[in-house]
Amino acid sequence: MNKRIYLCLAHMSGKEQKYIQEAFDTNWVVPLGPNVNGFEDDLRQFVGQDKEVVALSSGTAAIHLALIACGVQAGDEVICQSFTFCASANPVTYLGAKPVFIDSEPDSWNMDPELLEKAITDRKEKTGRYPKAIIPVYLYGMPARIDEIMSIAAKYNIPVIEDAAEGFGSRFDDQVCGTFGEYGILSFNGNKMITTSGGGALVCPDKAAKDKIMWYATQAREAYPYYQHEAIGFNYRLSNICAGIGRGQMTVINDHLAHHKHIAQLYKEAFQHVAGITYHDNPSARHDSNFWLSTILLDDNMHVRGEENAYAEAVSGAVGGAAGVVHAGGSVHTDCEPNRNVEAMRLALDKEGIESRPLWKPMHKQPVFRNAPAYINGNAEAFFKRGLCLPSGPMVSDEDVQFIINSIIKNII
Ligand SMILES: *Cc1c(COP(=O)(O)O)cnc(C)c1O
């Protein structure tokens, strides 16, 4: 085997080059221009709900600006789902604010509404103040119980910033994720549902909110013939070149969604017949995941070939070629890691040329957030120890899925 099957590689529609060429031909090689406006229009139409959209340089930048728009300042607390990628929580710390982590409910794996309410009242009791914002996440694209989260948020009058970076095109009760809260963030990084090579967007409630975000994203300039600043801004606007890629990608977003769902269906049907493996499916008819990544849980008592050597060697460099991983792990074990059978399965698949990856390690188990308050029920940690993400992107074929399923079954003993 010399072909490798990756988790979620970008796939170009062929239209991207036309938009990029136009940008060069018309000399719009800057962080504004016709592609940026066109991409924002496409996104606005796609998400619906009378929202406005600002295209930004990353999903992380979108969270950062949403927090600022919600008035988050140094010393404030912000509630964040623990079971997520670090970019959901990092911007809270950029502002000198403090994340408060909430564990997951077992059905969607996303923010547990019951724990959310408990945390809100407990923070008020302990600090005298309510948290300034709530960040639920659509992990692997799966819709959260956003209806319940929204009603709790409304009860305490706290704005919700939906992290839909992985959930672009997912729906709950037929409404696009990212349009329920005050703000919704999208990511177009290289491995997400669509890509602009790197980029993101903020879904805003109205034109005034959009204008304010745009102002912050372009260095907070006042309307004078010279540079005049009354606030600290950021250089967060998406470039017209990247937006051109985004416009090309928006011509195939529905094909991508259909493909991810199709791959999910293949896995789901196959794993129904495999003891020890549980496919993470939509928990109800109200959930309509984009299945950005298909994920499985391995039973604790299910055994995998090579399990006894699973952690024999420290990983050096990046698992699956993730960019920018330059710190060697240093130790073979941490105090919270995937079970041996999960690591053995990852290694076995890797040998066959298949990239898989453990579920995201919860933020409340990350050393960098060791002092953050956390409201925990054990679900996220349990999922992390048992789970694997499987190749799911537009470049994964039906034959690839069959090969992956066979490889998994072959390694179960
Ligand atoms: C990718 C991701 C982000 C950040 O998006 P970038 O565009 O990479 O900055 C935020 N939250 C989650 C859950 C993500 O997966």
Side-chain angles (χ1 to χ4, degrees), residues 7-10 31 39 43 53-67 78-94 99 101-102 104 108-111 133-144 146 149 160-170 177-178 181 183-203 213 217 234-239 242-243 245-246 249 260 289-295 318 320 322-325 357-364 366 369 380 383-384 387 389 392-393:
L7 281 184
C8 190
L9 278 189
F39 186 41
L43 292 169
V53 179
V54 186
L56 299 167
S57 54
S58 70
T60 310
I63 300 179
H64 193 180
L65 294 186
L67 289 166
V78 172
I79 286 187
C80 184
Q81 181 166 324
S82 180
F83 200 20
T84 188
F85 181 61
C86 64
S88 305
N90 283 348
V92 174
T93 69
Y94 300 168
F101 292 113
I102 308 290
S104 295
S108 77
W109 298 3
N110 293 312
M111 185 178 281
I134 301 167
I135 309 177
V137 181
Y138 300 105
L139 202 65
Y140 311 118
M142 183 61 72
I146 193 66
I149 292 168
V160 170
I161 299 168
E162 297 166 82
D163 182 345
E166 302 176 4
F168 186 47
S170 296
C177 294
Y183 291 95
I185 85 110
L186 305 174
S187 168
F188 314 118
N189 207 337
N191 54 358
K192 300 287 163 82
M193 279 308 281
I194 61 163
T195 186
T196 56
S197 73
L202 190 61
V203 180
I213 294 296
F234 303 86
N235 182 7
Y236 277 172
R237 200 80 168 108
L238 188 67
S239 88
C242 293
I245 304 176
Q249 291 274 288
H260 281 257
S289 177
N290 63 10
F291 290 104
W292 170 58
L293 291 184
S294 270
T295 54
V325 182
R357 186 176 292 213
L359 302 183
W360 303 178
K361 182 166 175 170
M363 290 306 116
H364 73 276
Q366 298 288 357
F369 290 123
F383 292 141
F384 165 65
C389 304
S392 314

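Quick caveat, the model's predicted, so the values are computed rather than measured. Whatever order the structure lists ligands and atoms in, that order sets their numbers, starting from 1.
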TODO: Check whether any side-chain N or O of Thr60 sits under 3.5 Å from a backbone N or O of Ala87 as a donor-acceptor pair, and report yes or no.
DONE: no

Open item on the list: For the aromatic rings, using the six-membered ring if either is Trp, is the centroid distance between Trp292 and Phe168 under 6.0 Å?
Closed with: no

- [ ] Give a yes or no on whether the ring-centroid distance for Tyr94 and Phe234 is below 6.0 angstrom.
- [x] no

TODO: Output the distance between atom CD1 (Ile185) and atom CD1 (Ile161), rounded to the nearest 0.5 Å.
DONE: 9.5 Å

Open item on the list: Using a 4.0 Å cut-off on heavy atoms, what residues surround ligand 1? Order them by chain and number.
Closed with: Ser58, Gly59, Thr60, Thr84, Phe85, Ala87, Ser88, Val137, Asp163, Ala165, Glu166, Ser187, Asn189, Lys192, Gly199

Task: Option passing ring pair (Phe, Tyr, Trp, His ring centres under 6.0 Å) with Trp360 (candidates Phe83, Tyr140, Trp109) - done: Tyr140

Open item on the list: With heavy-atom distances below 4.5 Å as the criterion, would you say the side chains of Tyr138 and Ser170 are in contact?
Closed with: no

